[in-house]
Protein chains: 2
Amino acid sequence: MARWHEIAHELRAAIAGGDVAPGDVLPRETDLQERYRTSRTTVRQAVAALEKEGLVEKVRRRGTVVRRPPTRRRIPRSRRVHRDGIGYYFDTAAQGWRPLEPPAIGRVPAPADIARLLGLPAATEVVTRSRVMGDPGSGDVTQLATSYLAPAAVDELPVLAEPDTGPGGIYDRMEEAGHGPLRWEEAVSARMPSPDEARRLSLPPGVPVLRITRITRGADGRALEVNDTRVSAERFEVVNEIDRDPTAAPRNPPVPSGPPA
Amino acid sequence: MARWHEIAHELRAAIAGGDVAPGDVLPRETDLQERYRTSRTTVRQAVAALEKEGLVEKVRRRGTVVRRPPTRRRIPRSRRVHRDGIGYYFDTAAQGWRPLEPPAIGRVPAPADIARLLGLPAATEVVTRSRVMGDPGSGDVTQLATSYLAPAAVDELPVLAEPDTGPGGIYDRMEEAGHGPLRWEEAVSARMPSPDEARRLSLPPGVPVLRITRITRGADGRALEVNDTRVSAERFEVVNEIDRDPTAAPRNPPVPSGPPA
DNA sequence: CAGTGGTCTAGACCACAAC
DNA sequence: TTGTGGTCTAGACCACTGA
């Protein structure tokens, strides 16, 4: 076993055993060097392993801080979307966050995975609507969302490429054009952030992004739009409810939760 | 800007621009040292950054390999669970994977987050049922699942702590005891794996685990069980369907997808 | 079995933010 | 202001594994 593995193992045990509590700092690097009779490089490699696991965070001039177990805010999902009441479940206002700026409209070659979902040849040019959501008060960014619009939808409804799409947004426009009732399919996965995403979402090392990829289809089944939303996997979770009884009456849509206590 | 940032930036651009295709290798470390007139430490720090992002994977004797964009297998979810037909949506057999060994029964203090979901004081001792799922043919492990059982449920139904819980499993036993119809709430999030999880799921560096935390409640609303499932975030995604029209008829449950082509 | 990345040393200077 | 981690050097030997 490599020396740095041993050191990482002991530090991990000290954290798990409560010898160092969340918020506390690990011994400084020079102290660990001395304690383990090793070079600074080896010590740093051990601590870097814990950082990659999201267990600790390095803070300059303070030290290596043990991170708190995350409290996640719930992103509730119901099977059905209601037009009244709480709004669409993916109505961002209902989720407690708001756009920090108007959507940025762009035209880019569709990334390979998006093109596949839209049923387009790779690198077809598509219109994008990019939003940065968060708390306007603090400027805290919680969510990066990009909509990729099918070219056919934009040709039919040029307003989709406008910053302001009118009351109800793009989905109401699509239904007005006869595509309703709309259906959505939503995939949740995760990956490590790009450097840009990490910076914009203020993600410390060792924190993945939770990725919510939602495809919108019209009544004919054709894909109209793909929405790709990224949030901190440490700050959010996507919640669904399931009933066992096939005859059970639909329950009320879940109410959006407030910020963690 | 630090030198290693520059190097990482150039390597990232070479990958994004297709100069090095997936499956290709980056120049060896000594070549990069020479090209950038720097030390091996600096080169390694740059490559380590790409590895943390999941872009490359180091393979001994081969080099630093550019990873392929992941193809994810879908884990479908419907709002309702059916007892006939495809089975329960979380019936693992219907998902294309099977237990590699009988469930391991344990008794452990409940982790803080599990105790909270079960409505128990922290560190209450609970019965666990741990499963390792995968492909029995290849031995490939795809899923680690642990059920945490509420003490009251085990007191009432001691069979829940047996390796074999009989036909239909623990949920049928709970319904037979009068807790039905059961309801579930499922949260999807992600985090970096522990070293043990990374080893058992064969996760390369830079790949998070997708975590599916499902809570089972009886008709009276009390929590009976929490299931904590971990899969590779690069190999799986959780998919839900949503209708807009509140009066739309329920659609058929989604059919489990096969392995990626 | 040879070449790749893995590990480790001992030392130096720097940049930043908490004190 | 100053102590922390951040960056970097030049070199050595090792272990694994795929050509």
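By convention in this document, chain letters (A, B, ...) are assigned in the order of the sequence lines, proteins followed by strands, and residues within each chain are numbered from 1.
Counting heavy atoms from C-beta outward, A:Asp135 and A:Thr142 have side chains that stay 4.5 Å or more apart. Residues A:Thr213 and A:Asn227 fail the side-chain proximity criterion, which asks for heavy atoms closer than 4.5 Å. Using a 4.5 Å cut-off on side-chain heavy atoms (C-beta onward), A:Arg235 and A:Arg72 make no contact. Side-chain contact between A:Thr146 and A:Arg230: present, with at least one pair of heavy atoms (C-beta onward) separated by less than 4.5 Å. A heavy-atom distance below 4.5 Å is not found between the side chains of B:Arg211 and B:Thr229.
Nucleotides of DNA chain D that come within less than 4.0 Å of any heavy atom of chain A span, from the 5' end to the 3' end, D:dT2 to D:dT7.
Map B:Glu29 and A:Thr42 each onto its nearest nucleotide of DNA chain C; the residue landing nearer the 5' end is B:Glu29. DNA chain C is contacted by both B:Thr30 and B:Thr41; B:Thr30 maps to the nucleotide lying nearer its 5′ end (nearest heavy atom per residue).
For A:Arg61 and C:dC16, the shortest distance from a side-chain N or O to OP1 or OP2 is not below 4.0 Å.
Across all strands, A:Arg3 comes closer than 4.0 Å only to sugar-phosphate atoms, never to a base (heavy-atom distances).
We find that CZ of B:Arg28 is positioned 12 Å from C1' of C:dG5, with the value rounded to whole Å.
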Could you tabulate the donor-acceptor pairs under 3.5 Å formed by side-chain atoms of residues 6-18 of chain A, not counting sequence neighbours?
{"unit_1": "A:Glu6", "atom_1": "OE1", "unit_2": "A:Arg3", "atom_2": "NH1", "d": "3.2"}
{"unit_1": "A:Glu10", "atom_1": "OE1", "unit_2": "A:Tyr36", "atom_2": "OH", "d": "2.9"}
{"unit_1": "A:Arg12", "atom_1": "NE", "unit_2": "A:Glu53", "atom_2": "OE1", "d": "3.0"}
{"unit_1": "A:Arg12", "atom_1": "NE", "unit_2": "A:Glu53", "atom_2": "OE2", "d": "3.4"}
{"unit_1": "A:Arg12", "atom_1": "NH2", "unit_2": "A:Glu53", "atom_2": "OE2", "d": "2.8"}

